[in-house]
Amino acid sequence: MNEIPIKLTDIGLKYDDFTALDGVSFEVESGQTMALLGHNGAGKSSLIKIILGLITPSSGSVNIMGSQGKLSHHKHKINLGYLPEDVSFYDKLTGREVLNYFAALKRVRPTRVADLIDEFGLGYAQDRQLKTYSKGMKQRLGVAQAILSEPGILLLDEPTVGLDPQASKFLYGKINQLKQAGCAVVVSTHELSLVESHMDTALIMSKGRRLALGTSSELSAGSSIKTGIEFAELASWVERDHYLRRFFIDGRLQVESAQKQQMIKYLVSQCQIFDFTLHKPKLEDIYHDLMMHPLVDQSAQQ
Amino acid sequence: MNKLTSPVLIIAAKEICDCSRNHWMGFMGSIFLLLSLSVTFAGSAVTGSLYLPDLASLMSSLSTISVFIIPLAAILLSYDSFVGEDESGTLLLLLSYPLTRSQILCGKLLGHMTVMLLATGFSFGLTAILLLLIGEQYQASELIAAFAQFLLSSNLLALTFILFSYIVSLKSTEKAKAVGCLLLVWFLFVLIYDLLLLTILVSDLSFVNQYVVNILIALSPTDLYRAINLMAIDGGDARGSLAMISQSDWGLAGTYALMLSWIAVLSWISHGVFKRKRL
Ligand SMILES: Nc1ncnc2c1ncn2[C@@H]1O[C@H](COP(=O)(O)OP(=O)(O)O)[C@@H](O)[C@H]1O
Ligand SMILES: [Mg+2]
């Protein structure tokens, strides 16, 4: 049984006249994390709701754990974890009561709740009403709620909003643990530097369309952002070498992804330089570049 | 909460917990108690010595006040049950759980009905016990029967307004709008419609016969409630303009049946609205 947990094909979604999603396709395999990136209103939350089966797309097909069409019929068999964006839980209940409530609805044993409260560092506040919680504490509770049942599909809509750096790090640690167990994870976020080292693929969206989809290296290959190369005595090398001088910008060599191999070969064989630093384009730079020159993703245009 | 396994019971238990935390239960329970005690003992305050009204007029004054206050209490209890969860995002979350929409609806309804039963049972029950203890003129069986009838009909009335609240709550996008809309419904059924009905009853128009009055009563849960209580007291021996209400041909069982059909129709509508609700 090697079904792809999440497979969306050519999804379109209309709210009345407004087209929120247009021809979006992607899949997430078991043990993979996909970062869902895009500006506010790009359609990230809508996409997650479609995966959940909470809204039906106007066109395209949704395939969750191999079951096609209306998810609601299959929902009962699929172990899903979900954190909505901006959720605020029941103010009058205590932290522990909220988790117990959701655990009971998912038929998760109560000891798991106690463990999660401890792990998320909420033990000291577990018997206080939620109205006394800070935003970050509520968000921790929300994330704990999402992973209560050790889900096979985990959908987090902007989970790191309001979390302190330690809590975010802990969250991604948790995600990685679930990944090891074969969970397919979709994380929508605006904190690119945080998600970069933990994601396997990224889907970058703009105005309801797919701008790019791929691993970090595929994304940087597709973008026009250059890779920087630095090594000792670079300046004097550039003085002597005409070929290198062509790529020398702002104190380092800058090459397009396509020329990177060639440049490295040149450095190693022609210049006998083996000790150099590669500055690969950051996800953030790729993202900004894509937002400004949006016609890169060939497959999305077909 | 974890000992419960049925989702309906889990949701109901959470609603009850919520209502006791936000002081609805304490507040409404006290108001009901205050009202029923003041209706019962107002006569004593006026005459200066213990004077208790006879059962028929006591029940009639109680139901006259309840017809205003019970729908209002029901609205306050449940106006934000869906719009509130929608605003805070928990409705979205609940729907991603292995639950059906009818389970969510039933759970909330069960919770709210339990809270209503507890509040009315406590306050009116206490009044009945007091009367049994200090009022010698009442027959215990008659008194208990009258209060049981009153409690049953009051909770059925509450149920209709809880369902009204659900429908409005499901349709609204903001809490404030839901409250406003529900107060309008309350105003319409409790004040305007009754006023119109009473005007028609006293103005003695030629086309108004008992048949028309029957239809008009059936079309409003608050008037069904009045009718039930008038009929229950003394089998149609009511005074004044309300006499026609109590003479309606439905009979007590028929009136209850009409009340239950209101509840059935409203449940069906709220389920339909929930099913079609866009997220
Ligand atoms: N219920 C709705 N009715 C109408 N338009 C909506 C609704 N939900 C979202 N939209 C619109 O769809 C677009 C995508 O929204 P969303 O998926 O929430 O974006 P994101 O999560 O990426 O910020 C936005 O332009 C938003 O205004
Ligand atoms: Mg969003």
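Chain letters run A, B, ... following the sequence lines, proteins first, then strands; residues in each count from 1.
Using a 4.5 Å cut-off between heavy atoms, B:E85 touches chain A through its side chain atoms alone. Of the atoms belonging to A:Q129, it is side-chain heavy atoms, and not backbone ones, that fall under 4.5 Å from chain B. Looking at A:K92, the atoms closer than 4.5 Å to chain B (heavy atoms on both sides) sit in the backbone and in the side chain alike.
Options A:L83, A:I55, A:V87, A:D86 differ in how many heavy-atom pairs under 4.5 Å they form with chain B, and the most are formed by A:V87.
Ring geometry for A:Y90 versus A:Y101: interplanar angle over 60°, hence perpendicular rather than tilted (30 to 60°). Ring geometry, B:Y166 versus B:H112: the interplanar angle falls from 30° to 60°, so the pair is classed tilted. Classification of the B:F150-B:F147 ring pair by plane angle, with boundaries at 30° and 60°, yields perpendicular.
A donor-acceptor contact shorter than 3.5 Å is absent between the side chain of B:T90 and the backbone of B:L93.
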